[in-house]
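One structure is given below, encoded as structure tokens.
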Amino acid sequence: MLDKMTNQLSFHSNALVLRAERQRAIASNIANADTPGYVARDFKFGDALREATGIGSSSSGSGTGSGSGVTRLAASGSHGTAGTTDPRHMPLPTMATTASIDRQGALGYAVQTQPSLDNNSVDLDRERANFVDNSVRYEATLRFINGGAKTMLSAIQGQ
């Protein structure tokens, strides 16, 4: 019984962390819109969430991806521990941060939709739309977590 309640909270907490990381990647793209040679980065939210929750990947398009033009990089490095620089060092467990998402190959490069003279691939209109969409979904995930906590609390109190 407790397992069913914590699994739902675990799923939403993983989604919340991934939404925050995607927001960071999109904000970085927007901040570097005027940087010559900068290539926009993003990751497919659906694939990253399946990987984070341990659910096998399915071919059904859920529409929660990061949009067209984003490719997945080849995986490199370990998935559960940080690399060491010396064999005497102990490997540390890692969380899904931007650096580990990048190392695992989930962070990809966006295909340039409009050519530019400085080879910058950031499309501000697309990035702003992705930013707003991700913000709304982040807020919805927070509301799901709050609603689940309130439901569990009222069930525990017997109301």
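This structure is a prediction, so every number in the text was calculated from the model and none was measured. Values below: every heavy atom of this structure, side chains too, minus hydrogens, waters and symmetry copies.
- To the nearest 0.5 Å, the span separating CD on Q23 from CG on N134 amounts to 4.5 Å.
- No side-chain donor from either of N29 and R41 sits under 3.5 Å from a side-chain acceptor of the other.
- Taken from CG in L18 to CZ in R137, the straight-line distance is 13.5 Å, to the nearest 0.5 Å.
- Rounding to the nearest 0.5 Å places CG of N130 at 5.5 Å from CD of E127.
- Here the side chains of L107 and D42 are not in contact, with every heavy-atom distance at 4.5 Å or above.
- Qualifying side-chain contact (heavy atoms from CB on, under 4.5 Å) partners for N32, counting only residues two or more places apart in sequence or in other chains: S28, T35, Y38.
- With rounding to the nearest 0.5 Å, the separation of OG1 in T53 from CG in N7 is 10.5 Å.
- Between I145 and L16 the shortest side-chain heavy-atom distance falls below 4.5 Å.
- Taken to the nearest 0.5 Å, the CZ atom of F131 stands 11.5 Å off from the OH atom of Y138.
- Note that NE2 of H12 and CZ of R19 are 12.0 Å apart. Values are rounded to the nearest 0.5 Å.
- When the shell of 6.0 Å around CG of D118 is examined, it contains more than 12 heavy atoms from other residues, nucleotides or ligands.
- Side chain of T141 to backbone of A15: no donor-acceptor contact under 3.5 angstrom is found.
- Here the side chain of N120 pairs a donor or acceptor atom with the backbone of A33 at under 3.5 angstrom.
- When side chains are defined from C-beta on, L49 counts as touching N14, because their heavy atoms get closer than 4.5 Å.
- With S10 contributing its side chain and T6 its backbone, the two residues share no donor-acceptor pair below 3.5 Å.
- Considering only heavy atoms from C-beta on, D47 comes within 4.5 Å of R50 through its side chain.
- Between F43 and R22 there is a side-chain heavy-atom pair separated by less than 4.5 Å.
- Closest heavy-atom contact between A110 and S121: O-OG, 4.1 Å.
- Across M152 and L9, no two heavy atoms sit closer than the pair CE-CD1, 3.2 Å.
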